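Some notes on the structure that comes next.
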2 protein chains.
Amino acid sequence: MIPAMPPYEPSAYPPFAVTVDLVVLTVRRHALSALIVRRGEAPFQGRWALPGGFVRAEEDLAEAAARELAEETGLHTHGPVADDAPAYAAHLEQLATYGDPKRDPRMRVVSVAHLVLAPDLPAPRPGGDVGGARWAPVETLVGPAADDGQEHPPLAFDHRRILADGVERARSKIEYSSLATAFCPQEFTVGELRRVYEAVWGVALDPRNFHRKVTGTPGFLLPTGGTTTRQGGRPAQLFQAGGATLLNPPMLRPEV
Amino acid sequence: MIPAMPPYEPSAYPPFAVTVDLVVLTVRRHALSALIVRRGEAPFQGRWALPGGFVRAEEDLAEAAARELAEETGLHTHGPVADDAPAYAAHLEQLATYGDPKRDPRMRVVSVAHLVLAPDLPAPRPGGDVGGARWAPVETLVGPAADDGQEHPPLAFDHRRILADGVERARSKIEYSSLATAFCPQEFTVGELRRVYEAVWGVALDPRNFHRKVTGTPGFLLPTGGTTTRQGGRPAQLFQAGGATLLNPPMLRPEV
DNA sequence: GCAAAAGTGTTATTTATACACCCATGC
DNA sequence: GCATGGGTGTATAAATAACACTTTTGC
């Protein structure tokens with residue numbers, strides 16, 4: 001990019017650093033879990049945080065998010081970004097931007113948070129400069145139990161708030177979209193999909209009505225022809241995500 | 001803010017400028033309309049654009065958005081920001097962030113777009129350095145008719161895309177929240193609220209079923225006791241927005 | 001009286017809910 | 001056989017959609 005025009009008056013634009021932070025969610029052992037990494041450097045050295053990093057000079061925001069995701073987990077994405085989806089592909093979307101002047105003690109940093117929904121993975125593959133990575137059930141990080149500090153000390157920066165916003169987005173978005181399938185392997189059963197909803201919402205759903213609902217929504221599920229007994233019991237049909245992204249009518253989340 | 005810690009390694013964080021852009025929507029003469037301003041300086045000098053400006057050094061993002069809104073329109077906000085609501089108060093929320101490396105020809109600018117929903121105002125009050133401001137029906141800016149350039153030349157930067165995202169957000173959000181009342185004056189009738197839905201969605205709604213629905217949703221509307229005949233016909237009860245923000249069950253947008 | 005907008009009643013249709021019940025496998 | 005999860009049927013309740021009809025104003 002050649003600046004053909006004179007640059008802006010410098011006093012008009014205080015310099016910011018821009019980062020991307022990632023809320024990476026999956027369902028593990030019936031619990032909605034988030035990926036956290038241990039910080040290797042100040043500030044908040046040694047504390048758990050969301051994965052993320054600085055946006056590079058010539059990089060789009062979604063690009064930066066996908067790069068950080070790949071660097072820190074080995075995950076690739078479909079969704080708004082690329083479509084060279086390999087074995088494990090995850091959904092990525094922008095979540096929100098956090099810019100409190102004091103959110104980073106060192107300098108003015110604006111963080112563009114992204115939400116990633118991923119299937120249950122073999123194991124987190126920490127890479128680069130992070131000192132460790134793990135999946136933690138979100139209740140231990142944002143719920144009331146997160147305050148007693150039993151499982152984890154509070155997340156660095158404003159990451160608890162960002163995580164809470166990401167969890168809320170995921171919980172509401174699976175109501176009216178087919179995004180819950182992003183938590184499933186490529187082929188899955190109706191029961192497995194139901195257990196995703198139950199884990200994300202923290203409720204119990206009627207298996208019979210759920211089955212009718214999802215199989216009756218056009219474009220939601222595509223039968224692959226195969227069956228499996230990996231959950232025990234009678235063999236279940238295997239499905240993959242159909243093309244539809246919006247569910248109409250939506251899945252109804254039971255009242256509290 | 002005193003940097004007690006040594007600053008980050010400069011090579012790690014390329015400097016960005018951060019701006020806020022505003023999608024300010026209202027309903028005027030049965031049409032969903034957006035506020036646009038004429039740019040007084042390069043780049044895109046003389047072209048129409050969304051109102052906005054640089055975020056200051058010690059300013060939060062929502063704060064910057066509220067400031068720009070007040071500067072360029074005289075509007076104040078309730079919602080996530082302050083609550084010193086004067087005569088005309090508008091709803092403000094963050095929309096999304098746009099950071100394509102080439103979106104501004106001069107330098108790397110990340111824009112945090114905000115969505116503002118305002119009641120029909122007396123007149124736009126352009127202030128500061130803008131060369132003019134007006135309300136334009138959104139179809140003339142983002143619809144298929146926007147391409148023939150009859151009404152307006154294309155908006156500056158990526159503002160057409162930002163506006164389209166804001167319109168889409170408003171259209172879907174009035175389905176499941178009470179936000180449509182932000183388009184109404186403080187006191188309004190059921191018919192006026194229905195015409196807001198009709199304008200935003202571009203559909204016709206059954207006045208009888210609409211009336212039952214909104215008056216039957218607890219917390220949506222609060223009767224003020226007064227009546228008005230300003231729309232003609234039989235006097236209509238006046239309401240103000242009730243406390244509820246989420247509508248359950250939602251308003252149903254008729255299929256295309 | 002007449003037009004216009006507000007508001008109520010009624011009915012058919014669709015959708016959600018809560019179950020009873022049968023099916024096909026592993027052990 | 002029996003436990004386990006998969007899947008179908010059905011009755012009831014609730015929400016939606018369509019529209020006839022009455023009410024209260026301005027002119």
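Being a predicted model, the structure only gives us computed values, none of them experimental.
- Between the side chains of Asp21(A) and Ser111(A), at least one donor-acceptor pair of N or O atoms lies under 3.5 Å.
- Between the P atom of dA5(C) and the CZ atom of Phe210(B) lies a distance of 16 Å, rounded to the nearest Å.
- In this structure, Arg234(B) atom CZ and dA5(C) atom P are separated by 14 Å, rounded to whole Å.
- The separation between Leu252(A) atom CG and dA13(D) atom C1' is 15 Å, rounded to whole Å.
- Look at Arg212(B) and you won't find any side-chain N or O under 4.0 angstrom from OP1 or OP2 of dG9(C).
- When the nearest nucleotides of DNA chain D are assigned to Arg208(A) and Gln231(A) by heavy-atom distance, the more 5′-ward of the two goes with Gln231(A).
- A close approach under 4.0 Å does not occur between any side-chain nitrogen or oxygen of His211(A) and OP1 or OP2 of dG6(D).
- Listed candidates were dG26(C), dC19(D), dG6(D). Nearest to the side chain of Asp206(B) is dC19(D).
- The aromatic ring centres of Phe210(A) and Tyr197(A) sit less than 6.0 Å apart.
- Annotation: side chain of Trp135(A) is in contact with side chain of Leu35(A) (closest heavy-atom distance under 4.5 Å).
- For Arg161(A) and Asp165(A), the salt-bridge test passes: some basic side-chain N is under 4.0 Å from an acidic carboxylate O.
- Distance from the side chain of Gln237(A) is smallest to dG7(D) among dG7(D), dT16(D), dC19(D).
- When distances are taken from the side chain of Asn209(B) to each of dC19(D), dG5(D), dA6(C), the shortest belongs to dC19(D).
- When rounded to the nearest whole Å, the span between NZ of Lys213(A) and P of dA18(C) equals 14 Å.
- The distance between atom CZ of Arg230(B) and atom C1' of dA4(C), rounded to the nearest whole Å, is 17 Å.
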